[in-house]
Amino acid sequence: MQEKETKKFDKQNFFELVYQVVRLIPKGRVTSYGLIGQYLGSKKSARMVGWAMNNAHGLADVPAHRVVNSVGLLTGKAFFETPTQMQELLESEGIIIKKDQIQDFDKVCWNPIELNEELV
DNA sequence: GCCTTGACGGGTG
DNA sequence: ACACCCGCCAAGG
């Protein structure tokens, strides 16, 4: 009867959680690995988020192009089919990018934690 | 089974 | 202001 209540996110769910969050990113908005890590409970696990994205690489449901590092740099552009794919997609959504660097990053930065608090 | 790497972040020098 | 180092957690070799 007692369903195992996971007080902590299972590593398997961890990837799924990341996919969910990335999937929830509104168009024209971006987020950082660190923010996702914070949302999952560990702000220092940004690397795991990146790892999760690597698994997400190939999932069309996960707009990885909307995920950048804390400085708004397209660090993961090299993982796309083309090194410009990420920039093109972001620019197509209204985001301005210069030299793999998102302009007005503070404006397009989307924090999943705020969304959570909003729902609360 | 241990060590290294990895789409990061923050702190110290 | 820039560069280097450590820390986090998981997976691949």
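Just the heavy atoms: all of them, side chains too, but no hydrogens, waters or symmetry mates, feed the values below. A note on names: the letters A, B, ... follow the listed sequences, proteins ahead of strands, and every chain is numbered from 1.
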Chemist: Expressed in angstrom and rounded to an integer, what is the separation of A/Met48 atom CE from B/dG9 atom P?
Modeler: 12 Å
Chemist: Please answer: with hydrophobic residues joined when any side-chain heavy atoms are less than 4.5 Å apart, are A/Phe14 and A/Val22 in the same cluster?
Modeler: yes
Chemist: In whole angstrom, what separates A/Gln38's CD from C/dC8's C1'?
Modeler: 13 Å
Chemist: Whole angstrom is fine here: how far is it from CG in A/Leu35 over to C1' in B/dG10?
Modeler: 14 Å
Chemist: Rounded to the nearest 0.5 Å, what's the gap from CG on A/Leu40 to CG on A/Leu17? Could you check?
Modeler: 5.0 Å
Chemist: Check the distance between B/dA7's P and A/Leu89's CG and give it to me in whole angstrom.
Modeler: 20 Å
Chemist: Can you tell me, in whole Å, how much space there is between the P of B/dT4 and that of C/dC5?
Modeler: 16 Å
Chemist: Using heavy atoms and a sub-4.0 Å distance, could you list which residues of residues 64-74 of chain A are near DNA chain B? By number, please.
Modeler: A/Ala64, A/Asn69, A/Ser70
Chemist: If I take atom CZ in residue A/Phe14 and atom C1' in nucleotide B/dA7, what distance separates them, rounded to the nearest angstrom?
Modeler: 13 Å
Chemist: Quick test: give all pairs of protein nitrogen or oxygen and nucleotides 1-5 of chain B nitrogen or oxygen below 3.5 Å, distance rounded to 0.1 Å.
Modeler:
none

Chemist: Between protein and nucleotides 4-7 of chain C, what N or O pairs are separated by less than 3.5 Å?
Modeler:
residue, atom, partner, partner atom, Å
C/dG7, O6, A/Arg47, NH1, 2.5
C/dG7, O6, A/Arg47, NH2, 3.0
C/dG7, N1, A/Arg47, NH1, 2.8

Chemist: Which nucleotide in the list B/dC8, C/dA10, C/dC9 gets nearest to the side chain of A/Thr75?
Modeler: B/dC8
Chemist: Name all pairs fulfilling the side-chain hydrogen bond (donor to acceptor under 3.5 Å, both in side chains) condition that reach into residues 97-110 of chain A, sequence neighbours left out, sorted by first residue then second.
Modeler: A/Lys77-A/Asp100
Chemist: Determine yes or no for a side-chain-to-main-chain donor-acceptor pair under 3.5 angstrom, with A/Thr84 supplying the side chain and A/Gln87 the backbone.
Modeler: no
Chemist: Quick one: does any side-chain atom of A/Thr82 pair with a main-chain N or O of A/Gln85 as donor and acceptor, under 3.5 Å?
Modeler: yes
Chemist: With rounding to the nearest 0.5 angstrom, report the CG to CZ distance, A/Asn55 to A/Phe15.
Modeler: 5.0 Å
Chemist: Find out whether A/Asn54 and A/Phe79 are in side-chain contact, i.e. whether some heavy atom of one side chain is under 4.5 Å from a heavy atom of the other.
Modeler: yes
Chemist: Could you check whether any side-chain heavy atom of A/Val68 comes within less than 4.5 Å of a side-chain heavy atom of A/Thr75, counting everything from C-beta outward?
Modeler: no
Chemist: Test: salt bridge (Lys or Arg N to Asp or Glu O under 4.0 Å). Region: residues 82-93 of chain A. Which pairs qualify, not counting sequence neighbours?
Modeler: A/Arg66-A/Glu93
Chemist: Starting from P on C/dC8, measure out to CG on A/Leu40 and report it in whole angstrom.
Modeler: 17 Å
Chemist: Is A/Val71 isolated, or which residues cluster with it under the ILVMFWY side-chain rule of less than 4.5 Å, directly or via members?
Modeler: A/Leu73
Chemist: Please report, rounded to the nearest Å, how far the C1' atom of C/dC9 is from the CG atom of A/Asn55.
Modeler: 13 Å
Chemist: Decide side chain to side chain contact (heavy atoms under 4.5 Å, CB included) for A/Leu90 and A/Val30; before the verdict, give the C-alpha distance in whole Å, the side-chain angles of both, and the deciding distance to 0.1 Å.
Modeler: CA-CA 9 Å; A/Leu90 290 171; A/Val30 292; 3.7 Å; yes
